[in-house]
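To start, the structure itself, in structure tokens.
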Amino acid sequence: MTNIRRSMLFIPGNNPGMLQSADVFNADSIIIDLEDSVAIDEKDSARTLVTELLKSVPINNVETIVRINPFDTPFYEKDIEVIKKTNIDMILLPKATIESIKDLDERLKDTKIQIMVLIETSLGVHQVFDILNTTNRCLGLMLGGEDLCVDLNCARTKSGEELLYARMHVVNSSRALRKFVIDTPFTDTNDFEGLTKDTYFAKSIGFDGKASINPRQIDTINSVFNPTEAEINHAKRVIEAKDLALEAGKGVFSLDGKMVDLPIIKRAEKVIDTALKIGLMKIGEE
Amino acid sequence: MDILGYKKDYQLFAGTRSKIKPSIIKSSKNNQSNNKKRLSIKHVLDEIALKDGMTLSFHHHLRNGDYILNMVMEEITRRNVKDVTIFASSIFPCHKDLVKYIEQGIVTQIYAAFISGPVSEAISEGKLKKVAVMHTHGGRARIVESGELTIDLAFIGAPTCDQTGNITGKIGKSACGSIGYAVTDAHFAKTTIAITDNLVDELDDFQIGGQYIDYIVEVDAIGDSKGIVSGTTEITKNPIGLKIAKLATDVIKYSGYFKNGFSFQTGAGGTSLAVSEYLKKLMKDENIKGSYALGGITSYIVDMLKEGLFEKLYDVQCFDLGSVESIATNPNHIAISASKYANILDDCLINNLDFVILGATEIDLDFNVNVTTTSTGEIMGGSGGHSDTAYGAKVTIVVSQLFNARIPVIKNKVICKTTPGETVDVLVTERGIAINPLRTDLVEKFKNTNLPIKTIEELKAISDNLVGIPKEIDFDDKIVAVVEYRDGTVIDVIHKKNINNKG
């Protein structure tokens with residue numbers, strides 16, 4: 001498992017077939033869902049299914065996250081009670097507020113389970129910096145566009161202008177606190193052109209990755225967030241130039257006539273690191 | 001060991017390199033009569049001296065919409081004939097009436113490349129008096145052309161037939177495209193009867209020449225058009241199937257055989273179709289053009305022909321209406337016979353095949369594949385062209401989920417060996433790709449790729465860990481079917497299940 005989170009795939013917590021194959025879809029993280037994809041009269045059985053699955057089925061090489069039910073529902077406490085006894089990596093807290101993340105942090109204090117928040121209300125967007133900053137246990141966030149649009153009283157469109165402020169705002173807050181930030185799912189699962197466009201936009205404004213509600217979207221999302229061949233080649237040359245400059249005792253150096261400074265080196269190192277972790281490069285190639 | 005109703009001098013399968021060379025007979029039929037038309041099947045049968053022990057042949061191009069077999073058998077059973085052998089290229093659920101005739105002792109033996117539905121259940125239950133013989137598509141042509149079996153009466157469902165008996169499947173209300181499985185029957189049967197629902201004056205373009213036809217009967221309908229193209233012809237939306245298809249396409253890409261002029265065959269299952277879609281994109285991206293696609297043809301392959309990605313399609317059987325329309329209109333979409341497709345005695349096209357994508361119900365650690373029975377031992381299919389194409393293709397790729405509804409695909413030993421492991425090169429599952437260690441060249445090729453290569457033993461261990469190892473099935477001593485390899489040797493037999501075993 002790496003800390004790369006290009007794609008996060010929701011898997012319904014009441015679907016044994018999908019759960020059993022959760023780790024084959026190439027998603028960097030899977031989010032087993034006890035909330036929206038599980039009907040109210042199936043909450044108990046889904047919780048049992050998921051906990052038994054997590055005990056007995058190895059989920060390999062993929063970050064495992066469980067979306068519990070929201071703080072203000074009767075299922076919240078029961079979800080945490082059983083899920084915190086499993087070996088998952090993170091809990092996704094829906095409709096996160098300062099109050100709810102404080103409560104969840106307290107309930108997880110004796111565990112190694114981390115928190116990720118789902119920002120999907122207008123209050124959540126407004127408070128996002130403080131929510132993320134409540135606890136070190138919180139590693140990052142996901143933007144939930146569908147519920148947010150309901151709260152904002154606007155229509156959710158494919159082009160997504162209505163989410164522009166929220167997207168920019170959550171990226172900025174996350175970056176300020178060095179937390180990861182995941183974009184909302186693209187819900188038309190048959191429109192791969194639209195998915196590609198939406199994912200490129202998310203990448204262009206700073207998101208680390210994108211959530212998905214269908215395994216068929218994962219390869220598209222991953223490929224958009226993968227460093228390109230040109231980016232990898234450029235990064236390799238930056239690192240080579242840096243090594244040569246160090247050998248020559250130069251503090252400052254240039255590449256292709258342009259000055260290379262620390263941010264460029266850091267970006268190059270990140271590209272190489274990502275390419276190695278996702279198998280686009282092999283160790284020794286760098 | 002004698003097998004009831006099976007040839008006494010049979011030989012056991014001894015590898016694909018065995019030196020068995022069957023003899024070959026030539027067709028000498030040349031019926032130039034201008035008086036072939038009869039009023040009904042009844043009138044034809046009135047003229048023919050029917051006797052016990054006859055062999056009747058049928059083709060399966062009308063698939064699960066076929067009316068011919070049932071309408072012929074209805075007439076046959078009125079005539080107090082017994083011990084009939086049905087030599088059908090495939091049997092589908094629509095042929096359920098056969099069960100009644102099996103129980104009455106009228107039909108005592110069946111030869112087919114594929115059997116599904118009530119007839120396969122009756123055979124599995126041991127109701128057939130003699131063993132069923134499960135051959136391959138190419139093997140069927142060999143059986144006839146070698147003289148091993150003589151067809152007494154061949155009944156050919158003809159979508160269009162002219163007054164001299166020339167037949168085509170390309171046009172007519174029951175058009176099914178290629179009628180490749182019927183060609184050998186027409187050429188070699190003692191008597192051949194064309195049954196058509198579109199009798200025309202004269203055909204210029206035909207697949208079976210009138211000289212091979214002895215009688216023509218016109219009926220209202222030879223099949224139900226809804227069932228005629230009943231193969232699975234939609235790309236899977238199952239994300240696991242799509243992942244497998246993507247990996248299979250990667251196997252093609254990095255195999256060393258993906259270059260201009262390559263040839264390809266895939267089936268009509270959802271995952272196989274997805275491979276053709278991914279392959280289409282790969283060929284465009286890499287600017288590679290293939291020489292031909294072979295086999296049962298679907299609209300997806302037709303699209304590749306239209307886009308210039310393949311030069312020709314050689315078609316023994318059309319799987320959907322798109323391919324039926326194409327074969328009728330595109331001169332590069334060429335109908336071929338089963339013999340030209342896969343007969344070991346013929347200069348057949350499978351021998352030049354580069355890639356074939358195949359399915360599996362079970363595969364064992366030696367890469368032997370079962371597509372004849374279910375995982376619990378009941379007959380539910382058969383080779384069709386499986387073992388023919390696996391033999392011919394340079395890279396035989398089996399695609400399958402590692403397990404389905406808790407039933408694993410990889411077993412220590414398959415219940416029925418349909419296709420020998422020495423002809424199966426790669427297994428692609430959602431959790432990894434196993435290459436047959438016999439293919440050292442491919443093992444070497446894939447070493448430096450990022451593909452999830454594992455041994456088949458490693459894949460089995462993953463599967464066993466997730467779904468466990470199923471209990472062994474308990475079989476009776478009674479043999480209900482013989483599975484013939486394409487050269488006519490016995491590669492396996494199928495036993496009746498023990499009655500107390502619910503599998």
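Every value quoted in this text rests on a predicted model; they were computed, and no experiment measured them.
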Exercise. Looking only at heavy atoms, what is the nearest atom pair of A:Gln20 and B:Arg431, with distance?
Worked result: O-NH2, 2.9 Å

Problem set entry | Heavy atoms of other groups near B:Tyr254 OH, more than 12 under 6.0 Å | no

For this session: Please check if atom CD in B:Glu325 has more than 12 non-hydrogen atoms from other residues, nucleotides or ligands closer than 6.0 Å.
Result: no

For this session: Give a yes or no on this: more than 12 heavy atoms of other residues, nucleotides or ligands lie within 6.0 Å of atom NZ of B:Lys454.
Result: yes

Exercise. If you count the non-hydrogen atoms of other residues, nucleotides and ligands that lie under 6.0 Å from CG in B:Asn287, is the total more than 12?
Worked result: no

For this session: Measure B:Leu466 against the heavy atoms of chain A and call it side chain, backbone, both or neither at under 4.5 Å.
Result: both

Exercise. Rounded to the nearest 0.5 Å, what separation is found between the CD atom of B:Glu430 and the CG atom of A:Asp23?
Worked result: 9.5 Å

Problem set entry | Contacts of B:Phe264 that satisfy ring pair (Phe, Tyr, Trp, His ring centres under 6.0 Å) - sequence neighbours left out | none

Seminar exercise, completed: One option among A:Ser21, A:Pro16, A:Gly17 has the most heavy-atom pairs under 4.5 Å with chain B, and it is A:Ser21

Exercise. Would you find more than 12 non-hydrogen atoms of other residues, nucleotides or ligands less than 6.0 Å from B:Lys280 atom NZ?
Worked result: yes

Problem set entry | CZ-CG distance between A:Arg216 and B:Asn238, expressed to the nearest 0.5 angstrom | 10.0 Å

Problem set entry | Contacting region of B:Asn404 [heavy-atom separation from chain A under 4.5 Å] | neither

For this session: Please tell me if the side chains of B:Lys243 and A:Asp219 come closer than 4.5 Å, counting only heavy atoms from C-beta onward.
Result: no

